[in-house]
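A short worksheet on the structure shown next.
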Amino acid sequence: MNPYAIIDLHCDTLTGCGCYAPQPGTDSLNDPRKMLSLDGLPENVHWAQFFAIFIPDELRGQEAIGFFEKFHREFQQQTRNYSHKILPCRTWREISDAWDQHKTAGILAVENGSVLAGRLERVQTLADAGVRALTLTWNGENELGSGNATEHGLTPLGREAIPELERAGILADVSHLNDAGLEDVLKLARKPFLATHSNARAVCPHKRNLTDEQIRELVRRGCLIGLNYSVHFLKEGGQGAGLDDLMRHVEHFFRLGAESCLALGSDYDGTDVPPELDRAGRAPALLDYFLARGLSQRQAEGILYQNAQAFFQKNLV
């Protein structure tokens, strides 16, 4: 059985990450060597994908801007080249229209607030370019704050950026942010936000995962949390991680009240994933797996697309 749709909150397919970087001369959105490729997506499942422009931590200022602009042009060019397969989307209405045309909905995101180069006016520049989500940090520090590799919270500029992102209609993404930074976001945010690819720390004790207290607060605020397929965040040590480990996270999130806030955030082409999920075309099988593990149809389809759909109908306008 296939789900009606899948909404995936995060992949690194456009830019790659480290050893997952795209090969020269290839169209990264349709490279058969990638975990996610347009030709590899199931034809009988509506698909919406957030494509992140991942900016390495070492890039700052004009270098970060130039990196973003290069891959923004790449996204625009490839969505034109493959316009029979994908439509760039900014709103829920446009996602729905793409599905009506049996095309993938491609939503642009940026992973790393260094893209702002320390200038708040660039928030509107990103919005004008079609960016709908911004991961505030990667693992290290940038002008907005600190990732999970360090312990500082948001900088003064980072604290100013939260209301500016909300004003511009860009969803803040707290995946990769450390605990102090997330606490700052919780003090400042007035609208729901995202944790696009983060699991439960009580199940896998990695700093990239969310604590129970954080999960409860995100649930209370109506935020959206994407399950990360990374073996390193599914199971301590990562070795042998598989679908049953993913299910342990699902069950834990449900115990904390996150049933209507849980979605998918694969992290395709940015990390190592279990063999059962090593291609995007395998993702629809999650429906049968979840049902076999005791989830109801509503709960399973909620994770695959309905929770994200409800969130974006309210917050991606």
Side-chain angles (χ1 to χ4, degrees), residues 1-14 29-52 82 84-87 89 92 95-107 196-197 199 224-231 233-234 241-251 253-254 258-313:
M1 182 191 307
N2 276 328
Y4 170 78
I6 285 180
I7 300 176
D8 187 337
L9 304 183
H10 183 83
C11 76
D12 288 301
T13 304
L14 180 61
L29 296 190
N30 202 31
D31 183 343
R33 294 168 294 185
K34 292 279 190 177
M35 296 178 189
L36 189 149
S37 66
L38 294 175
D39 281 346
L41 295 178
E43 293 184 359
N44 55 349
V45 176
H46 295 302
W47 198 288
Q49 182 67 54
F50 278 71
F51 289 98
Y82 294 101
H84 58 296
K85 291 181 175 290
I86 184 172
L87 288 179
C89 298
W92 173 255
I95 293 171
S96 181
D97 289 345
W99 287 357
D100 287 344
Q101 298 176 50
H102 303 284
K103 297 179 181 181
T104 296
I107 306 99
T196 59
H197 53 306
N199 293 337
L224 194 63
I225 303 168
L227 289 164
N228 193 327
Y229 302 169
S230 173
V231 297
F233 309 140
L234 288 174
L243 290 182
D244 289 348
D245 297 291
L246 182 71
M247 189 65 198
R248 289 169 60 224
H249 288 272
V250 170
E251 291 169 341
F253 276 114
F254 277 22
E259 183 175 317
S260 64
C261 300
L262 200 57
L264 299 177
S266 65
D267 210 358
Y268 276 140
D269 295 307
T271 189
D272 299 318
V273 303
E276 303 96 325
L277 291 169
D278 65 357
R279 291 290 184 271
R282 298 181 189 268
L286 282 171
L287 178 60
D288 283 339
Y289 173 80
F290 286 148
L291 294 175
R293 288 298 305 268
L295 296 193
S296 69
Q297 189 85 17
R298 178 184 57 81
Q299 289 171 326
E301 292 190 337
I303 296 171
L304 269 61
Y305 76 95
Q306 288 180 349
N307 294 338
Q309 174 177 313
F311 180 89
F312 293 132
Q313 285 173 334

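We're numbering straight along the sequence, starting at 1.
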Next on the checklist: Set out, in order, the CA-CA distance, both residues' side-chain angles and the distance that settles side-chain contact (heavy atoms from CB on, under 4.5 Å) for H102 and H84, then state yes or no.
Outcome noted: CA-CA 9 Å; H102 303 284; H84 58 296; over 6 Å; no
Checklist entry - After noting the C-alpha distance and the side-chain angles of L9 and L264, does the key distance pass the side-chain contact (heavy atoms from CB on, under 4.5 Å) rule? => result CA-CA 6 Å; L9 304 183; L264 299 177; over 6 Å; no
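Judged purely by atom type and a 3.5 angstrom limit, Q299 uses its side chain to pair as donor or acceptor with the backbone of S296. Between the D267 side chain and the H10 main chain, no donor and acceptor come within less than 3.5 Å of each other. With N30 contributing its side chain and S37 its backbone, the two residues share no donor-acceptor pair below 3.5 Å. Under the 3.5 Å distance criterion, the side-chain polar atoms of Y268 are left unmatched by any main-chain donor or acceptor of D12. Looking only at distances, a side-chain donor or acceptor of D245 sits under 3.5 Å from a matching main-chain atom of G242. No donor-acceptor pair closer than 3.5 Å links the side chain of H197 to the backbone N or O of S266. The closest donor-acceptor contact from the side chain of D8 to the backbone of Q49 lies at 3.5 Å or more, if one exists at all.
Here the NE2 atom belonging to H46 is positioned 12.5 Å from the CD1 atom belonging to I95, to the nearest 0.5 angstrom. From I303, atom CD1 reaches atom CD1 of I7 across 13.0 Å, with rounding to the nearest 0.5 Å. Between atom SG of residue C89 and atom CD1 of residue I86 there is a gap of 8.0 Å, rounded to the nearest 0.5 Å. From L295, atom CG reaches atom OH of Y289 across 9.0 Å, with rounding to the nearest 0.5 Å. Note: L277 CG to L286 CG = 5.0 Å, rounded to the nearest 0.5 Å. In this structure, CD in Q306 is found 9.5 Å from CG in L304, a value given to the nearest 0.5 Å.
With no hydrogens or angles considered, no side-chain donor-acceptor pair links S260 and N307 at under 3.5 Å. Donor-acceptor pairing under 3.5 Å is lacking for the side chains of N199 and N228.
Between F51 and D269, the closest side-chain pair of non-hydrogen atoms is not below 4.5 Å. Counting only heavy atoms from C-beta outward, the side chains of T104 and Y82 never approach each other to under 4.5 Å. Using a 4.5 Å heavy-atom threshold, the side chains of E301 and Q309 count as separate. In this structure the side chain of D272 never reaches within 4.5 angstrom of the side chain of D278, judged on heavy atoms. Between I225 and T196, every side-chain heavy-atom pair lies at or beyond the 4.5 Å cut-off. Side-chain contact check for Q297 versus M1: some heavy-atom pair is nearer than 4.5 Å. Looking at L287 and N2, their side chains never come closer than 4.5 Å, going by heavy atoms from C-beta outward.
Using bins of under 30°, 30° to 60° and over 60° for the plane-to-plane angle, the ring pair W99/Y305 lands in the perpendicular bin.
The pair D97-K103 fails the salt-bridge criterion, with no side-chain N (NZ, NE, NH1 or NH2) lying under 4.0 Å from an Asp/Glu carboxylate O. Using a cut-off of 4.0 Å between Lys/Arg side-chain N and Asp/Glu carboxylate O, E43 and K85 are scored as not salt-bridged. Look at D244 and R248 and you find no salt bridge, because none of the NZ, NE, NH1 or NH2 atoms lies under 4.0 Å from a carboxylate O.
For the pair P274 and L234, the tightest heavy-atom approach, listed with the atom from each and the gap, is CG-CD1, 3.7 Å. V45 and P284 make their closest contact through CG2-CG, 4.2 Å (heavy atoms, listed as atom of the first residue, atom of the second, distance). Heavy atoms only, all atoms of each residue included: S230 and T271 are closest at OG-OG1, 2.9 Å.
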